[in-house]
There are 2 protein chains.
Amino acid sequence: MKASVVTIEPNGHFCSDCAVRDFAACSSLDPAELREFEHLGRRVQFGSGETVFSEEDITTSFYNLLDGVMRLYKLLPDGRRQIVGFALPGDFLGMNISGRHNFSADAIGGATVCQFAKAPFGRFIESRPHLLRRINELAIRELSQARDHMVLLGRRSADEKVATFLLGWRERLFSLKGASDTVQLPMSRQDIADYLGLTIETVSRTFTKLERHGVIEIVQGGISLLDPAKVEALAAA
Amino acid sequence: MKASVVTIEPNGHFCSDCAVRDFAACSSLDPAELREFEHLGRRVQFGSGETVFSEEDITTSFYNLLDGVMRLYKLLPDGRRQIVGFALPGDFLGMNISGRHNFSADAIGGATVCQFAKAPFGRFIESRPHLLRRINELAIRELSQARDHMVLLGRRSADEKVATFLLGWRERLFSLKGASDTVQLPMSRQDIADYLGLTIETVSRTFTKLERHGVIEIVQGGISLLDPAKVEALAAA
DNA sequence: CGCCAAAATTGATCTGGGTCAACTGGCTTT
DNA sequence: AAAGCCAGTTGACCCAGATCAATTTTGGCG
């Protein structure tokens, strides 16, 4: 019965079945609204490394990340890159006031998004203050994270940066998939470096140093926290 | 005569006369709403260096800066400080989702704020989606600034940081008070250093270097941009 | 004014993390 | 299974900016 409906449903899915239904922006919608909302978004897949939108692009869509990881970054004219965040399922992307995206977004290892055309989404939200409130809430949370990251970038040592990153990333994965001392790191060392304001060599050396001290173990596709307390002590310092 | 008005009006002012009326959060309110809004806020003065709220404080109020400059900052346990922004008249402070402020705010050289108790303000906004939209807009603008600042902190050299700061600050003063190549700097060198992720010595040396090169002139309470194009070139690089 | 404390500048030296370069070890391609 | 290729690691060296240490300037106040 679901399958038959899917062929009728142009999006090939129902919001009510959506993986991020409970914590994404749309969590504020009631079932009736959700049925209407369903027609606004379309699922789109992106391959590994593909760009979802670029910094200079005029904003034509908003995005709700459903599956995968994305890197959000800004480039300086000479190519220096700062990753301003990693997006995980449930994150809402594309809000801005200038009419242009103010950062670029790439899929890391493939991603699925729910894409909304700007105008109909804007019209829909117009009469739903609770959705606006939800989006405002997400923006304010992001702002708080952005400020934390400024402290990291401006005032922390390389060791502290790496330790703080590992704990923060583990925390985000935890709220998505539950507790684990094995932390999957889908992003490259270069991505981590550009997120932390370091070079790839320094990130690599810091990982190696932590491993030598028995604090972490570098495993395929991530790291394992052997001594979380030690990592926390490093991050707190 | 000011005094007589103060005794009549409990707030000691009218929103309609407010200096930031046209660009602060309340710019979205119509005259009727404004009359009601008036009773929610009270003007409060802070002396030079006084703390308006602290990072750990439970949020009981929101603030609209009316006059003066404030530094917004976070401290690490060991005392390292990162200034996450400077507030100017019209800036709206205090929004958060955790129920606690996520940064501290000090007046720099005295400041006047319009203070709103959290609960009544929340009730007022409840039925005014346009005010919520305005606040959301301010949050998104701040988020964009925060991301720009991450690039500066993570990927720019000391010279670039200082040049970018001077231009950005000039731009903000420009939109408040009009164009000028003399840039007032009410904050201390230490404040600038903590904003840029540098030490006070590096900021001082960079100023001196720019002055030696005839790019700026260090004047009482600020600097004068002798060669704005050169500063822009430095900041762009 | 002249005195004092705080802010800013300047100089000398040091170092964390960057730069440059070589190497390693998985994967894919054929 | 040989070859090639990245991503990651490691080593040697360097330098931008930090640190430490004096001055010098400024601003507030009796």
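Just so we're on the same page: letters track the sequence lines, and every chain starts at 1. Side chains are part of it too, since the values below use all heavy atoms of this structure and drop only hydrogens, waters and symmetry mates.
- Comment: B:D159 engages B:K209 in a salt bridge, judged by a side-chain N to carboxylate O separation of less than 4.0 angstrom.
- Within 4.0 Å of B:T208, counting heavy atoms only, lie sugar-phosphate atoms of the nucleic acid but no base atom.
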Residue pair B:F53, B:F103: steps toward the ring-ring contact (aromatic ring centres under 6.0 Å, His included) verdict: CA-CA 8 Å; B:F53 57 83; B:F103 54 85; 5.7 Å; yes
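- Within the nucleic acid shown, B:E211 has no heavy atom closer than 4.0 Å to any nucleic acid atom.
- Distance CG (A:D78) to P (C:dT19): 11 Å, rounded to an integer number of Å.
- Proximity of a side-chain donor or acceptor of A:R172 to a complementary backbone N or O of A:F86 within less than 3.5 Å is detected.
- Scanning atom types as modelled, one donor and one acceptor separated by under 3.5 angstrom connect the side chain of A:R205 and the base of D:dG11.
- Comparing B:R189 and A:A158 by the nucleotide of DNA chain C that holds the closest heavy atom to each, the one mapping nearer the 5' end is B:R189.
- Going from atom CG of A:D159 over to atom P of C:dT15 covers 16 Å, rounded to whole Å.
- Nucleic acid contact class of A:S204 (heavy atoms, under 4.0 Å, all strands): base.
- Residue B:F207 contributes atom CZ, which lies 19 Å from atom P of D:dT25 at whole-angstrom precision.
- Among the atoms of the strands shown, only primed sugar atoms or phosphate atoms (P, OP1, OP2) are found under 4.0 Å from some heavy atom of B:G197.
- Heavy-atom nearest nucleotides on DNA chain C were determined for A:R156 and for B:Q190, and the one closer to the 5' end corresponds to B:Q190.
- Between B:L234 atom CG and D:dA16 atom P the separation is 15 Å, expressed in whole Å.
- Nucleic acid contact class of A:E201 (heavy atoms, under 4.0 Å, all strands): base.
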